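Please read these numbers as outputs of a predicted model, since none were measured by experiment.
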Amino acid sequence: MSEQILDVAAGLILRPDGKLLLGQRPEGKPWAGWWELPGGKLEPGESVLEALARELDEELGIQVTAATRWVTYVHAYPHTTVRLAFCRVTGWRGEPRGLENQRLEWVDPAHAQGVGQLLPATLPPLRWLRLPDIYGISNIGSPAGLPGFMARLRHALERGVRLVQLREPGWPDGPASASLHQALQDVLRVCRTAGARVLVNSVHPQSWWTEADGVHLRAADAAALAQRPLARDGYWVGVSVHDAAQMAQARTLDADFAVVGPVAETASHPGQAGLGWQAFMDINRDAGLPAYAIGGQGPDTMAAAREHGAHGIAAIRAVFPAQA
């Protein structure tokens with residue numbers, strides 16, 4: 001790995017239809033012919049968003065009007081190491097043009113490789129774009145609560161929720177415990193019909209993780225598993241994170257995302273102060289993976305969460321309110 005790290009701002013320029021802009025590196029530059037996200041290195045004294053705005057003006061002739069920090073990711077190329085500050089760009093003036101003789105293409109992120117060879121550091125953010133903005137966490141409570149929760153779940157899916165976690169640590173033991181596995185089957189059936197994914201909290205049996213679409217690891221379970229990487233076959237891994245050390249564990253596990261918080265006081269933990277947005281940003285600063293904000297969050301806090309670098313929000317009551 002190079003001793004010096006090159007700081008780069010990279011923009012994911014996203015149209016309302018979900019298409020992403022990629023540029024092909026022109027002849028005469030390293031990796032000529034490969035496709036990448038627009039952007040460039042930070043100049044002395046520039047912030048990430050300032051550098052991004054300047055680079056996109058110089059490269060594409062557009063003026064950024066709406067952009068937020070997203071994920072900072074370090075990638076080692078053979079002759080240099082870059083720290084990429086990926087930013088989501090959702091507003092701009094002008095029509096992108098290749099001012100540096102580069103070809104441009106709007107692509108579906110899920111099929112971006114169809115355009116040609118992609119720079120290796122471009123691949124992780126394409127994967128992260130699969131993650132929905134909202135992550136709903138179950139609150140069934142007991143077998144008696146299942147019909148009501150299923151109604152709330154259907155309502156959330158109708159509103160566009162596409163990622164759900166089954167987390168029921170208070171489910172009764174004894175004969176009733178088997179009913180939670182049946183509840184998982186009910187949740188899976190409804191979610192898959194809607195095109196949504198379901199993760200199972202690691203408080204529940206490991207055999208359920210692959211029945212669903214993956215696992216959400218509690219921080220303690222992530223610490224135990226960090227010593228022996230998970231044998232994954234396409235399923236997703238999320239991790240609960242409360243500090244920088246736990247974020248490092250999530251990175252070691254090559255998790256798909258982290259859930260960081262609680263950012264603010266929650267109804268489930270009254271009187272317990274949240275981390276606050278500054279601590280959230282500090283934990284997430286060099287995470288190398290997307291982070292959902294949790295704790296006092298909901299659809300109405302999405303804009304604030306993104307302004308502070310969150311991928312989106314995770315919540316129980318705000319996603320599955322008692323009155324559907």
Side-chain angles (χ1 to χ4, degrees), residues 1-2 4-43 46 48-133 234 236 254 256-257 286-290 311:
M1 180 177 290
S2 170
Q4 276 198 323
I5 295 180
L6 183 66
D7 282 297
V8 171
L12 287 95
I13 303 173
L14 293 159
R15 293 194 317 205
D17 64 1
K19 292 291 183 70
L20 173 73
L21 186 67
L22 293 179
Q24 187 179 39
R25 293 180 66 82
E27 291 299 324
K29 284 194 173 185
W31 298 79
W34 292 60
W35 291 82
E36 65 178 351
L37 296 165
K41 67 180 181 179
L42 275 64
E43 299 294 347
E46 280 187 322
V48 165
L49 292 179
E50 287 170 345
L52 182 70
R54 175 183 53 75
E55 287 284 349
L56 298 189
D57 191 7
E58 293 173 358
E59 286 185 27
L60 305 174
I62 62 173
Q63 293 74 52
V64 174
T65 59
T68 53
R69 295 281 301 266
W70 185 31
V71 179
T72 300
Y73 177 79
V74 175
H75 184 84
Y77 285 102
H79 302 295
T80 188
T81 298
V82 290
R83 179 164 45 225
L84 292 140
F86 291 114
C87 305
R88 288 186 288 197
V89 180
T90 53
W92 61 89
R93 292 192 301 272
E95 186 63 28
R97 295 171 290 131
L99 300 182
E100 297 180 348
N101 297 317
Q102 75 275 40
R103 284 182 57 201
L104 303 176
E105 290 286 348
W106 291 101
V107 302
D108 178 346
H111 305 289
Q113 291 186 340
V115 77
Q117 288 182 304
L118 303 177
L119 278 184
T122 301
L123 298 175
L126 295 177
R127 186 176 75 243
W128 301 329
L129 283 176
R130 299 177 304 169
L131 293 168
D133 296 339
W236 286 7
D254 192 27
D256 292 283
F257 63 88
D286 293 310
L289 68 162
H311 175 81

Problem set entry | Qualifying side-chain hydrogen bond (donor to acceptor under 3.5 Å, both in side chains) pairs with a residue from residues 114-133, counting only residues at least two apart or across chains | D133-R306

For this session: Go through the steps for L6 and V8 under the test side-chain contact (heavy atoms from CB on, under 4.5 Å), then give the verdict.
Result: CA-CA 6 Å; L6 183 66; V8 171; 4.1 Å; yes

Seminar exercise, completed: side-chain hydrogen bond (donor to acceptor under 3.5 Å, both in side chains) pairs touching residues 105-116, sequence neighbours excluded, are R103-E105

Problem set entry | Contact check, side chains of V82 and Y73, non-hydrogen atoms, under 4.5 Å | no

Exercise. Are E50 and R54 within salt-bridge range, i.e. N to O under 4.0 Å?
Worked result: no

Exercise. From D256 CG over to L289 CG, what is the distance, rounded to the nearest 0.5 angstrom?
Worked result: 8.5 Å

Seminar exercise, completed: The reported gap from CG in L37 to CG in L20 (rounded to nearest 0.5 angstrom) is 6.0 Å

Seminar exercise, completed: Residues A112 and V107: closest non-hydrogen pair is CB-CG2, 3.9 Å

Problem set entry | Partner residues of R83 under the salt bridge (charged side-chain N to carboxylate O under 4.0 Å, His left out) criterion, sequence neighbours left out | D7

For this session: Taking side chain to side chain donor-acceptor pair (under 3.5 Å) as the test, write out the residues that go with D286, two or more places apart.
Result: none

For this session: Evaluate the side-chain contact (heavy atoms from CB on, under 4.5 Å) criterion for residues L99 and L60: first the C-alpha distance (whole Å), next the side-chain angles of each, then the deciding distance (0.1 Å), finally the verdict.
Result: CA-CA 6 Å; L99 300 182; L60 305 174; 5.9 Å; no

Exercise. Going by the side-chain hydrogen bond (donor to acceptor under 3.5 Å, both in side chains) test, which pairs reach into residues 13-26, not counting sequence neighbours?
Worked result: R15-D17, R25-E36

Seminar exercise, completed: When L14, V89, L56, L104 are each screened for side-chain contact (heavy atoms from CB on, under 4.5 Å) with L21, the one that passes is L104

Exercise. Do C87 and L12 touch side chain to side chain, with heavy atoms closer than 4.5 Å?
Worked result: no

Exercise. Salt bridge or not for K29 and E100, using N-O below 4.0 Å?
Worked result: yes

Exercise. For T68 and T90, what are the C-alpha separation, side-chain angles and deciding distance, and is it a side-chain contact (heavy atoms from CB on, under 4.5 Å)?
Worked result: CA-CA 9 Å; T68 53; T90 53; over 6 Å; no

Exercise. Does W31 have any ring pair (Phe, Tyr, Trp, His ring centres under 6.0 Å) partners at least two apart in sequence or in another chain, and if so, which?
Worked result: W34, Y77

